[in-house]
Amino acid sequence: MDMEVTAWHSLHSAMNAQQDRRPFSRTALRRIMVFARPHRRRIYRFLLLSVLTALLAVATPLLAGKVVDAIVNGADTGTVTRLALLIALIAVVEAGLGLLTRWLSATLGESLILDLRTAVFDHVQKMPVAFFTRTRTGALVSRLNNDVIGAQRAFSNTLSGVVSNVVTLLLTLAVMLTISWQITLLSLVLLPVFVVPARRMGARMAGLQREAADHNAAMGTQMTERFSAPGATLVKLFGRPSDESAEFAARADRVRDIGIRTAMAQSAFITALTLVSALALALVYGLGGYYALRGSLEPGAVVALALLLTRLYAPLTALAGARVEVMSALVSFERVFEILDLKPLIEEKPDARRVPEGPVSVEFDKVSFGYPSAEKVSLASLEEVATLDDRGGTPVLHEVSFRAEPGQMIALVGSSGAGKSTIAQLLPRLYDTDAGTVRLNGVDVRDLSADSIRDTLGMVTQDGHLFHESVRANLLLARPDASEEDVWDALRRSRLDGLIASLPDGLDTVVGERGYRLSGGERQRLTIARLLLARQRVVILDEATAHLDSTSEAAVQEALAEALAGRTALVIAHRLSTVRAADRILVVEAGRIVENGTHTELLAAGGRYEELYRTQFERPSSDGDRTAQPVR
Ligand SMILES: Nc1ncnc2c1ncn2[C@@H]1O[C@H](COP(=O)(O)OP(=O)(O)O)[C@@H](O)[C@H]1O
Ligand SMILES: [Mg+2]
């Protein structure tokens, strides 16, 4: 039984080896050591236990041989009983040691998973927004799950697989050779007969396995895409369900065929292995019996040899696949390190300051900016492309300068794609400027702590994102210590109290995937409620009411006006009423501020603003900014 398990194992390893042939670096090994260091006590204990277990494993066959000899030589019953009791004792100790070893290896492996996971999670959290705009979430999650587990496997497999098997193998071989080197060597002659074809078959199976994996992945994508609420809606409205079914069935069919072939290959492998070891066993009995009859070998030695032989094949087959197994799992380690090595583009300075107290001024000083290229922020393997796009860095903003005095409200207007949202994103330091400085209360945002920026700045974007959590959790994100009353007050002011109160679970209602169960306008009002709750000193509204109809907008405008009162505000406007209320209007075109003044001043100047005013703001039905791209 034990042998079967290891045989499966080595066949699988042979298949995996074909998939990942990349050599690993010595530095990776060194870094694994760093992760292992805190656990070294456990590792030593584990190794010690492995040696002990191996010693016990050879003791039992030897004792069994002694029992046979005692019987043949007509010893007293006391001797036999003592030997039998010793065998029983060893079995009990072996069982205990087995549990202890397993406990140690499980703790080791799981602790390593914990360390790696938290390290990766913490690191990824530090990555800039640019990283997340490029990477596939799925690829990232798979690093956290599959690769971390793969890395752990490399670790425990080397320990339990290689180390303890080598010890068992050497000890067993040594003991067998001392009993009869002729029989031992002969019984090993048959080994290549099954190891060689197994390797060749492994290579062939690998191709099939890869194909199955591709099909499975494709089916997975198809399911997650089509079985989400928006996807299912799309298929029902425009799709062809029968085509979808046929495609899915063809893939599933191929996976079935591969599954059958793999099962047969595995079964052939195990049968071959069982056969070879049975043949070797026959050889031991035949040859051993011959020697015993001739008197050159004790009968007990024959029994001992036969029992030892059954314990020899299991570690042998395990080791046959161990090398490749460890190698492929090391690749997982490397893939984890690859993530840990990504340098966060935006880092807090060690001596980061807080935003000075009091009302806050906002200043852009000759700010130029281009979105970073993929090469700078991402990993090819995470984007699932061969090479990273090194384009990008094309300037989006050119020497943008303006200043909002504490308490002032600045409106940004301009055609879609002009760079308004980009300006908004530089303020909370979602990106760093290429040239020039962004300041909050006179301090360069690069000198401020992330915490302090979060406490100071509130932002509502066009596509207000909600976590798949309760309404309450989504609201408290900005101010975890807010009271129930504060929460309801914010909801009331954003005109959402009625809706939330009518929900069966009230504040505890989970707002579905991407807040799907709420309408666009409701979602936006919830993010506005979040802003009202957090009461930051600077407020950025990026087309914050674009999804609201005119009735609810009028209501929410009131709440927003309240939220903006006495605060410094940057408002990306899409309604004339907002623009008119602003202390200053900046007209942004192609990344530059082309006009700057009050509504009356700019209208009088008869420039771009006047043109925008005529085409966008005057006719309420054609609200140009409504079609603007969402903030990315
Ligand atoms: N994440 C991004 N990566 C690369 N380019 C971007 C990104 N986001 C926006 N852009 C580009 O930057 C320019 C300005 O965009 P944006 O600031 O969103 O315009 P606005 O908000 O004024 O409509 C556009 O040309 C847009 O395509
Ligand atoms: Mg925008």
Side-chain angles (χ1 to χ4, degrees), residues 127-137 140 344-346 362 364 367-379 382-383 385 388-402 410-436 438 457 459-465 520 523-524 527-528 539-548 569-575 578-579 582 585-596 608-609 611-613 615-617 622-632:
M127 298 307 289
V129 175
F131 171 80
F132 297 100
T133 61
R134 308 227 55 128
T135 36
R136 306 259 153 97
T137 314
L140 204 54
L345 265 187
I346 296 176
V362 168
F364 272 59
V367 170
S368 297
F369 172 77
Y371 283 95
S373 63
E375 201 184 38
K376 277 200 195 130
V377 293
S378 181
L379 269 179
L382 281 180
E383 289 193 33
V385 294
L388 282 177
D389 197 353
D390 59 358
R391 287 169 303 156
T394 32
V396 172
L397 299 180
H398 310 268
E399 304 214 340
V400 169
S401 297
F402 68 89
I410 302 274
L412 292 174
V413 299
S415 35
S416 121
K420 305 181 296 294
S421 297
T422 309
I423 292 178
Q425 291 184 59
L426 292 179
L427 204 47
R429 214 188 163 201
L430 298 183
Y431 296 90
D432 269 344
T433 62
D434 294 334
V438 177
L457 276 179
M459 185 156 170
V460 175
T461 57
Q462 193 175 15
D463 62 342
H465 183 73
R523 204 166 64 204
Q524 203 154 47
T527 57
I528 291 171
V539 171
I540 305 170
L541 304 179
D542 189 350
E543 298 176 25
T545 54
H547 289 307
L548 302 188
L570 201 63
V571 179
I572 297 174
H574 59 108
R575 295 278 199 281
T578 324
V579 182
I585 299 161
L586 308 178
V587 182
V588 186
E589 279 314 328
R592 289 173 216 275
I593 295 185
V594 293
E595 283 169 39
N596 178 348
R608 176 78 180 122
Y609 180 76
E611 191 184 332
L612 276 174
Y613 177 74
T615 56
Q616 290 190 15
F617 297 128
S622 64
D623 199 331
D625 270 6
R626 267 183 190 246
T627 53
Q629 294 168 350
V631 177
R632 278 188 284 166

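Start at 1 and go down the list; that is how both ligands and their atoms are numbered. Side chains are part of it too, since the values below use all heavy atoms of this structure and drop only hydrogens, waters and symmetry mates. Counting begins at 1 with the first residue of the sequence.
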For residues [X] and [Y], determine if any side-chain heavy atom of one lies less than 4.5 Å from a side-chain heavy atom of the other.
{"X": "Phe364", "Y": "Leu586", "answer": "no"}
{"X": "Thr422", "Y": "Tyr371", "answer": "yes"}
{"X": "Phe402", "Y": "Leu570", "answer": "yes"}
{"X": "Ile410", "Y": "Val362", "answer": "no"}

Legend entry - Exam field: side chain Gln425 to backbone Tyr431, donor-acceptor pair closer than 3.5 Å: no
Legend entry - Lys420, any N or O under 3.5 Å of ligand 1 N or O: yes
Numbered atoms and elements of ligand 1 in range of [X], under 4.0 angstrom, heavy atoms:
{"X": "Val396", "value": "12 (O), 13 (C), 14 (C)"}
{"X": "Thr422", "value": "14 (C), 15 (O), 16 (P), 17 (O)"}
{"X": "Ser416", "value": "23 (O)"}

Inset, instruction - Could you name the option among Phe132, Phe369, Tyr371, Tyr431 that has the heavy atom nearest to atom 5 (N) of ligand 1? - result: Tyr371
Legend entry - N/O/S atom of Ser421 inside 2.8 Å of the Mg ion (ligand 2), strictly under: yes
